[in-house]
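The structure under discussion appears below in the form of structure tokens.
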Amino acid sequence: MQLTWLGHSCVLLDGTKKVLIDPFIEGGSVTATNPDLVAVTHGHADHLGEAVLLGRKTVANTEIARYLKSNGVAAESMNIGGTQVVDGISFTMTPAVHSSVIEEAGAGFSGGSPAGFVIGMDGTRVYHAGDTALFSDMKLIGELYHPDVALLPIGGRYTMGVAEAMMAANFIGAKIVIPIHYNTWEKIAADPLALKTGIERTTDLKVMILRPGESLDLPV
Ligand code: NI
Ligand code: MN
């Protein structure tokens, strides 16, 4: 499987199927990735992104799935703690400490609970944390699902920053950590090298800093 960070929280997993997580990049479009499946962690515009425009089968919580279906998009709903297999790809929905309103439809449109995903494809498990604060049950995600890769937000302000992501990486134990959700805007400026230095000095985990559009072949 090949993992590509397209920027912000948007990640493409390309294996048996092409799975696009949080289809948004700043100042551009991700429709050219032509995914088979889309996964949306929560309702904020920088995550729901182009899910409606893409129009592909989308895995999301029940509230976002209902919103997508009302816009003519096939959706496979689920909720936190559950696992479902969609077209041969395993999706486990994990908690996230954040918020999730669907912004384009106004404050009255609930996006349900924010989430992350552990996605299993071709024998590799990738944990995408979504937007979240640090929470100690990340230890359970590590113990239960043994992700090979953890995609963690480090931009601060709306999510974990570098210091919290270091502890998250320890809780999860994935051998490869990839920082996301930083430097898209000034408000979420962060130094991924500080994360890399901090984690690699104190653990045997590896931090891979990708440039937007850069790929990684898994397993490494
Ligand atoms: Ni958010
Ligand atoms: Mn966000």
Side-chain angles (χ1 to χ4, degrees), residues 1-23 25 30 32-39 41 59 83 85-94 96 116-132 134 138-155 159-184 190-220:
M1 184 213 296
Q2 188 177 61
L3 180 156
T4 304
W5 181 50
L6 292 158
H8 199 57
S9 264
C10 186
V11 174
L12 180 69
L13 305 179
D14 191 349
T16 301
K17 299 281 182 188
K18 287 169 90 169
V19 181
L20 186 63
I21 311 162
D22 283 355
I25 57 170
V30 291
T33 56
N34 197 25
D36 301 298
L37 295 168
V38 174
T41 61
V59 179
T83 297
V85 177
V86 181
D87 298 342
I89 312 303
S90 169
F91 293 85
T92 298
M93 186 169 270
T94 59
F117 287 104
V118 177
I119 299 175
M121 176 163 60
D122 303 343
T124 298
R125 278 169 288 205
V126 175
Y127 170 48
H128 186 299
D131 277 0
T132 186
L134 174 68
M138 285 178 172
K139 289 179 186 172
L140 291 179
I141 294 170
E143 287 176 23
L144 273 167
Y145 308 120
H146 305 286
D148 302 288
V149 178
L151 297 152
L152 302 178
I154 66 162
T159 69
M160 294 188 281
V162 168
E164 294 84 4
M166 283 179 57
M167 189 167 279
N170 275 293
F171 283 167
I172 298 156
K175 285 281 181 285
I176 296 170
V177 175
I178 300 174
I180 59 171
H181 207 272
Y182 68 98
N183 292 352
T184 316
D191 178 10
L193 270 176
L195 181 79
K196 184 176 176 70
T197 305
I199 288 179
E200 293 186 354
R201 189 195 292 137
T202 53
T203 72
D204 63 352
L205 309 177
K206 193 149 181 56
V207 176
M208 305 290 289
I209 300 171
L210 302 181
R211 292 180 301 277
E214 190 174 356
S215 298
L216 183 66
D217 285 314
L218 298 173
V220 172

Between CD1 on residue I119 and CE on residue M93, distance to nearest 0.5 Å: 10.0 Å
K17 (side chain) donor-acceptor with G88 (main chain) under 3.5 angstrom: no
Pair V149-M208, side chain to side chain contact (heavy atoms under 4.5 Å, CB included): steps then yes or no: CA-CA 10 Å; V149 178; M208 305 290 289; over 6 Å; no
Considering all heavy atoms, the nearest G130-P153 contact: O-CG, 3.4 Å
Residues D22 and T41: side-chain donor-acceptor under 3.5 angstrom: yes
Least distance between heavy atoms, T4 atom then S215 atom: OG1-OG, 2.6 Å
Spatial distance of atom OH (Y127) from atom OG1 (T94) [nearest 0.5 Å]: 4.5 Å
Smallest separation among heavy atoms of V162 and A190, with atom names: CG2-CB, 4.4 Å
Nearest-0.5 Å distance that lies between atom CG in L195 and atom CD1 in I154: 5.5 Å
Candidate pair D131 and T159, rule side chain to side chain donor-acceptor pair (under 3.5 Å), full reasoning: CA-CA 6 Å; D131 277 0; T159 69; 5.6 Å; no
Stepwise side chain to side chain contact (heavy atoms under 4.5 Å, CB included) check, T124 with L13: CA-CA 10 Å; T124 298; L13 305 179; over 6 Å; no
Gap between atom CD1 of I172 and atom CG of L152 - 0.5 Å precision: 4.5 Å
I89 vs D36 side-chain heavy atoms within contact, under 4.5 Å: no
Atom pair CG/CG of L20 and N34 - distance to nearest 0.5 Å: 10.5 Å
Heavy-atom closest pair, residues P147 and G142: CD-CA, 4.1 Å
Closest heavy-atom pair and its distance - V30, T33: O-OG1, 2.6 Å
Residue pair A150 / A174: nearest heavy atoms and the distance that separates them: N-CB, 3.7 Å
W5 and P212, any side-chain heavy atoms less than 4.5 Å apart: yes
Heavy-atom side-chain proximity of I209 to L193 below 4.5 angstrom: yes
From L37, V118, T83, V85, residue fulfilling side chain to side chain contact (heavy atoms under 4.5 Å, CB included) relative to F91: L37
Side chain to side chain contact (heavy atoms under 4.5 Å, CB included) evaluation trace for V126 with V19: CA-CA 11 Å; V126 175; V19 181; over 6 Å; no
Passing candidate, side chain to side chain contact (heavy atoms under 4.5 Å, CB included) with L3, options D14, L210, L12: L210
Spatial distance of atom CE (M138) from atom OG1 (T132) [nearest 0.5 Å]: 4.5 Å
Whether E200 side chain and V207 backbone form a donor-acceptor pair below 3.5 Å: yes
More than 12 heavy atoms from other groups under 6.0 Å of NZ on K175: no
Aromatic plane relationship, H181 with H8 - under 30° parallel, 30 to 60° tilted, over 60° perpendicular: tilted
Derivation and outcome, side chain to side chain contact (heavy atoms under 4.5 Å, CB included), residues S9 and H128: CA-CA 9 Å; S9 264; H128 186 299; 4.1 Å; yes
